[in-house]
Amino acid sequence: MIRTDSLQFTYQHSEDEILRFPNIDLSPKEDLLILGPSGVGKTTLLHMLAGLLPLRKGDVFIANTQLNKLTRNQLDNFRGRHIGLIFQRTYFIRSLSVLENLTIRERFSKKKSDRYRREELVMQLGLSNLMNKRVYQLSEGQQQRLSIALGVIHKPKIILADEPTSDLDDANCEKVISVLKREAQICKSNLVIVTHDQRVKSHFNNQISL
Ligand SMILES: Nc1ncnc2c1ncn2[C@@H]1O[C@H](COP(=O)(O)OP(=O)(O)OP(=O)(O)O)[C@@H](O)[C@H]1O
């Protein structure tokens, strides 16, 4: 469940540009596609939903937790446990293996490590044979699939994906969307995608445009 109320954001040194966002109200397991042209504030909104940007105006509730009522530590713990982030630019530990990156992400969530879940997920994403490779040895496409695995391994309550398909050909775009939807179903989470990729539109009924 995700609910936002009267969200606004202004970046420091850009005080004349106020970004205003429509309210969001998602029931458990509901998907949302957020569309909009470059610069309109899609990434900013996603970062506010993830508690990565301070909420100066407006509220975000995730599974009945009001993000702006949490202390910094509580917010970090909440994000680690309950939010799955798939960024445009991914943050791996490049000198470690695929398996080590996944294990660290699992540990960070403070949830019990689930070997079956990990093996099933990497198989779905075609990463099973790459578990002992270091991240710098992977191709771009393999790294992108790993970023999805890292975003969902801990079964988050919400999965937030920023432009997950923008650099992909049509076949891989379809594949990534179906993997994300399937993971959201398995994790019983809300899936929120922000994109300007019009190919993704037909896959989601629930859409807002910024
Ligand atoms: N750190 C920052 N400091 C100041 N302004 C910023 C900062 N980050 C983003 N902005 C500005 O805020 C606005 C919204 O940016 P944002 O990245 O959220 O847009 P977007 O819709 O995700 O764009 P894109 O599709 O190109 O990724 C833009 O005008 C951008 O220039």
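Both ligands and their constituent atoms are indexed starting at 1 by order of listing.
Residue His196 approaches ligand 1 through these ligand atoms, each under 4.0 Å from one of its heavy atoms: 25 (O). In summary, the atoms of ligand 1 found under 4.0 Å from a heavy atom of Pro37, numbered by their order in the structure, are 21 (O). Listed by atom number, the atoms of ligand 1 under 4.0 Å from Lys42 heavy atoms are 18 (O), 19 (O), 20 (P), 21 (O), 22 (O), 23 (O), 24 (P), 25 (O). Close approach of ligand 1 to Glu163 is summarised as follows: ligand atoms under 4.0 Å from at least one heavy atom of the residue are 25 (O).
At a 4.0 Å heavy-atom cut-off, ligand 1 touches Glu17 through the side chain alone.
Under 4.0 Å is where a charged nitrogen must lie from a carboxylate oxygen, and between Glu183 and Arg117 at least one such pair does. A salt bridge is absent between Lys188 and Glu30; no separation between the charged side-chain nitrogens and carboxylate oxygens falls under 4.0 Å. For the pair Glu106 and Lys111, the salt-bridge criterion is not met [side-chain N within less than 4.0 Å of a carboxylate O]. Residues Lys42 and Asp162 are not paired through a salt bridge, judged by the lack of any N-O separation under 4.0 Å between the basic side chain and the carboxylate.
Compare Gly36, Ser38, Gly41 by their heavy atoms: the one nearest to atom 24 (P) of ligand 1 is in Ser38. Residue nearest to atom 16 (P) of ligand 1, selected from Leu35, Thr10, Thr44: Thr44 (by heavy-atom distance).
Judged purely by distance below 3.5 Å, without hydrogens or angles, the side chains of Asn172 and Asp169 pair a donor atom with an acceptor atom. Remark: the His154 side chain and the Arg105 side chain contain an N/O donor-acceptor pair separated by less than 3.5 Å.
Heavy atoms of His47 stay at 4.0 angstrom or farther from ligand 1.
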